[in-house]
Amino acid sequence: MEITHAAYLISSPSIANCPKPDRHEYAFIGRSNVGKSSLINALTNKKELAKISGSPGKTQLINHFNITSNDKKEWYLVDLPGYGFAKRSQTQRKSWKKMIEEYIRKRENLVTLFALIDSRHEPQEIDLKFINQLGEWQIPFSLVFTKADKSTQREAASNVKRFMESLKERWEELPIHFVTSAVKRTGVKQILSYIKTLNDKE
Ligand code: GDP
């Protein structure tokens, strides 16, 4: 599958302001600087699409993009504000948590959440905590290990393995995972084909 059209739609401060849930939706989240904008740009084949969500005032909002794919399906791609910004105040963190929790638990058309993890690092507490939370809430999610071109294949594979093993300590079933590079377009086809499978199923 390929994305033939992608356009920014709206930024919403809460689920109540989001567009009508009348089509499938796929959301992307991760720690700031994980490579989320780069991956969204690679998936949509648009150089600066996700820049909009990173512009001042939009970083704390739920950003919807209208997508059309070459199978003539229309769906939403959502860029969610990330976690782990050192500069956020306690109040900002709380409001982020409230907004994200409400969105991911209540958004009825959300098919799956792609949780991004930087493949250069060994498992980080902040990511494990977030992923374990998703598991507890029973949110369908997939893991995306980003920036694979930045380390050797062996290093990235070892970090992925360690992350999955950390999850295994708590969960019997492991989520599906992808390894990506926005620079080399690694994993792009795989993610799009996974979205297509889900689009066709529901
Ligand atoms: P975001 O804050 O999660 O949206 O992260 P960005 O997409 O803005 O990426 C953060 C930094 O990492 C930027 O300097 C990107 O150019 C770089 N980056 C993102 N993805 C990749 C990747 O796959 N490979 C490499 N080498 N750099 C990447």
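First listed ligand is number 1; within each ligand, the first listed atom is number 1. For this chain, numbers begin at 1 and follow the sequence in order.
Summary of contacts: the protein heavy atom closest to atom 11 (C) of ligand 1 is N33 OD1, 3.6 Å. For atom 5 (O) of ligand 1, the closest non-hydrogen atom on the protein side is G35 N, 3.1 Å. Of the protein's non-hydrogen atoms, the one nearest atom 15 (C) of ligand 1 is S38 OG, 3.9 Å. For atom 25 (C) of ligand 1, the closest heavy atom belonging to the protein is V183 CG2, 3.4 Å. Closest to atom 4 (O) of ligand 1 among all protein heavy atoms lies S37 OG, 2.5 Å. The protein non-hydrogen atom at the shortest distance from atom 22 (C) of ligand 1 is D149 OD1, 3.5 Å. Counting only heavy atoms of the protein, atom 18 (N) of ligand 1 lies nearest to K147 CE, 3.8 Å. With respect to atom 23 (O) of ligand 1, the closest heavy atom belonging to the protein is A182 N, 2.7 Å.
Side chains of W171 and N132: a donor-acceptor N/O pair is present below 3.5 angstrom, by distance only. E2 and N70 form no side-chain donor-acceptor contact under 3.5 Å, judged by distance and modelled atom types alone. Side-chain N/O atoms of N17 and S14 include a donor and acceptor closer than 3.5 Å. Side chain to side chain, Q133 and W137 meet the donor-acceptor criterion of an N or O pair below 3.5 Å. Of the N and O atoms on the side chains of N109 and R107, at least one donor lies less than 3.5 Å from an acceptor on the other residue. Side-chain contact annotation: T146 with D118, donor-acceptor N/O pair under 3.5 Å absent.
When heavy-atom distances to ligand 1 are checked against a 4.0 Å cut-off, K36 comes that close through both its backbone and its side chain.
For H121, there are no ring-ring contact (aromatic ring centres under 6.0 Å, His included) partners at least two apart in sequence or on another chain.
For Q138, the CD atom counts as loosely surrounded, since its 6.0 Å shell holds 12 or fewer non-hydrogen atoms of other residues, nucleotides or ligands.
Taking a 4.0 Å cut-off on heavy atoms, G30 fails to register as neighbouring ligand 1.
Counting atoms of ligand 1 from 1 in the listed order, those under 4.0 Å from a heavy atom of K150 are 25 (C), 26 (N), 27 (N). Close contacts of ligand 1 with S181, meaning ligand atoms under 4.0 Å from a residue heavy atom, involve 23 (O). Atoms of ligand 1 lying under 4.0 Å from at least one heavy atom of V34, given by number and element, are 3 (O).
Checked for salt-bridge contact, E101 and R105 meet the test: a charged N lies under 4.0 Å from a carboxylate O.
When distances from atom 20 (N) of ligand 1 to the protein are checked, a heavy atom turns up under 4.0 Å. Atom 13 (C) of ligand 1 is never approached by the protein to below 4.0 angstrom, counting heavy atoms only.
Ring geometry for Y26 against F114 counts as tilted: the plane angle lies between 30° and 60°, on a 0 to 90° scale.
On a distance-only criterion, L39 and ligand 1 share no N/O pair closer than 3.5 Å.
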